[in-house]
Amino acid sequence: MNLLSIADLTRDQIIQLLDRADAFKDERGKPSDILAGKNLAMIFEKPSTRTRVSLEVAASDLGCHPLYLSAGELQLGRGETVADTARVLSRFVQGITARVYSHSTVVQLAANSRVPVINALSDWEHPLQILADLQTMRQNLGRLEGLKIAWIGDGNNVCNSLILASALMGMSMTVASPAGYEPKPSILGESKALGGDVTVVTDPAIAAKGADVVETDTWISMGDEKDEAERLRIFSKYQVNKGIMGLAGKEAIALHCLPAHRGQEITDDVMDGPQSAIFDEAENRLHTSKAVLERLMR
Ligand code: CP
Ligand code: NVA
């Protein structure tokens, strides 16, 4: 089994992973040999703090040896094909994670690998992040089904995975994005086919009204840097601040996958305020990664 999209998992599989992640959180620090003798290749085409460290620590806590592989230092960087890289690596290791620019790279890796491939962020999805987000929502709000999610900002990779997860878990979602930066019709179509309830608007206030969860992400994802000046201008009103949180439900939580650009998509008072579950969300990357590695590599 691969995890390229959050929709590679069923609702029941997600609940099982979240239950395991909660158990890993409870027994934090307890050594385990669940994956003893196994090796995990971790390919990174882009920088990472949370994904790299949570996967490395998760693997090593489970007895598995993680190998950090910067794509530029592999022969991949000199033109060896993605397919040949997958064929070779999968004869050495029992799992591969990859953070890539183009989603087609993780698809090619998976198509040519003998071992499970996990998407550690592509331009299209970020399934590991969304498992941590779901764990955080469930821990803070006591349930997933029926929650109202507001996404404020770019209709990007993280937003795509959240749209699919909301459909799988019975949550409704309103996305507020500037015209031209909304989620693509194909992801909205996929969500609809899964029974999703997604509304796309341009006004952040409409999305935030009565929401249980207010989530955002950078206006400038990795790979979008060339459009920085234009994006800063276009997204300037798509900020999660006190005013936006004031429109959400009383018990609402704020989420952000991080890294944050404080003062751009989110203000300090929300990041560091009482409704922020953002650092729990970051911690939950570790517990959910353990659940995923156990499920795919055991
Ligand atoms: N949220 C997340 O994936 O963070 P990193 O880019 O630091 O891995
Ligand atoms: N959307 C962001 C997420 C970073 C974790 C990016 O792709 O850069």
Side-chain angles (χ1 to χ4, degrees), residues 3-6 21 40 42-59 66 68-71 97-106 118-137 149 151-165 175-178 181-184 187 213-228 230-232 234-235 238-240 253-262 264-266 271 276-293:
L3 180 59
L4 306 187
S5 163
I6 192 73
L40 176 68
M42 309 192 327
I43 302 172
F44 282 86
E45 289 182 354
K46 306 177 187 175
S48 171
T49 297
R50 279 142 290 270
T51 304
R52 174 182 177 175
V53 177
S54 60
L55 282 169
E56 280 197 29
V57 173
Y68 173 79
L69 305 171
S70 164
T97 70
R99 167 165 287 197
V100 298
Y101 283 98
S102 168
H103 190 72
S104 65
T105 304
V106 285
I118 298 168
N119 177 3
L121 180 141
S122 68
D123 59 353
W124 191 241
E125 275 206 54
H126 197 2
L128 291 176
Q129 179 65 51
I130 293 311
L131 288 170
D133 294 7
L134 294 175
Q135 186 184 20
T136 311
M137 290 177 204
I149 316 287
W151 178 271
I152 314 282
D154 197 9
N156 64 11
N157 42 12
V158 177
C159 179
N160 283 349
S161 291
L162 189 56
I163 285 174
L164 297 178
V175 178
S177 303
Y181 296 85
E182 310 93 340
K184 300 280 179 292
I187 207 87
V213 177
V214 179
E215 182 154 352
T216 188
D217 185 13
T218 180
W219 296 334
I220 302 151
S221 283
M222 290 177 275
D224 292 334
E225 294 82 357
K226 60 186 180 320
D227 304 324
E228 181 171 344
E230 194 184 358
R231 281 177 167 266
L232 288 179
I234 290 170
F235 281 95
Y238 292 80
Q239 183 186 64
V240 175
I253 57 168
L255 295 181
H256 188 313
C257 64
L258 303 179
H261 300 76
R262 287 169 175 257
Q264 292 184 12
E265 76 276 3
I266 192 163
M271 280 278 292
S276 170
I278 291 169
F279 295 99
D280 290 338
E281 178 188 10
E283 178 190 325
N284 287 338
R285 292 295 307 274
L286 172 64
H287 312 304
T288 47
S289 289
K290 283 186 185 173
V292 168
L293 295 181

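In listed order, ligands and their atoms are each counted from 1.
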Please check whether Lys46 reaches ligand 2 - meaning an N/O of the residue sits under 3.5 Å from an N/O of the ligand, judged on distance alone. no
### Query
Got an N/O contact under 3.5 Å between Ser221 and ligand 2?
yes
Are Tyr181 and Phe235, when compared by the centres of their aromatic rings, separated by less than 6.0 Å?
yes
Exercise. Can you tell me if Gln239 uses its side chain to pair, donor with acceptor, with the backbone of Ile266 under 3.5 Å?
Worked result: no
To the nearest 0.5 Å, atom CG of Asn157 lies from atom OG of Ser122 at 6.5 Å
Would one find an N or O of Cys257, backbone or side chain, under 3.5 Å from an N or O of ligand 2?
no
- [ ] For His126 and ligand 1, answer yes if some heavy atom of the residue is under 4.0 Å from a ligand atom, otherwise no.
- [x] yes
Looking at ligand 1, does Leu121 have a heavy atom less than 4.0 Å from it?
-> no
The protein heavy atom nearest to atom 8 (O) of ligand 2 is Met222 N, 2.8 Å
Closer than 3.5 angstrom, by distance alone: can the side chain of Glu45 be matched with the main-chain N or O of Tyr101 as a donor-acceptor pair? yes
May I have the step-by-step check of side-chain contact (heavy atoms from CB on, under 4.5 Å) for Leu255 and Met137, ending in yes or no? CA-CA 9 Å; Leu255 295 181; Met137 290 177 204; 3.9 Å; yes
Exercise for review: Looking only at distances, please establish whether an N/O atom of ligand 2 is found under 3.5 Å from an N/O atom of Thr218.
Suggested key: no
In ligand 1, the atoms that come under 4.0 Å of a heavy atom of Thr49 are 5 (P), 7 (O), 8 (O)
Open item on the list: For ligand 2 and Arg99, I'd like to know whether there is a polar contact (N/O to N/O, distance under 3.5 Å).
Closed with: no
Atom 4 (C) of ligand 2 sits nearest the protein heavy atom Leu121 CD1, 3.8 Å
Checking heavy atoms under 4.0 Å, the part of Leu128 that sits near ligand 1 is neither
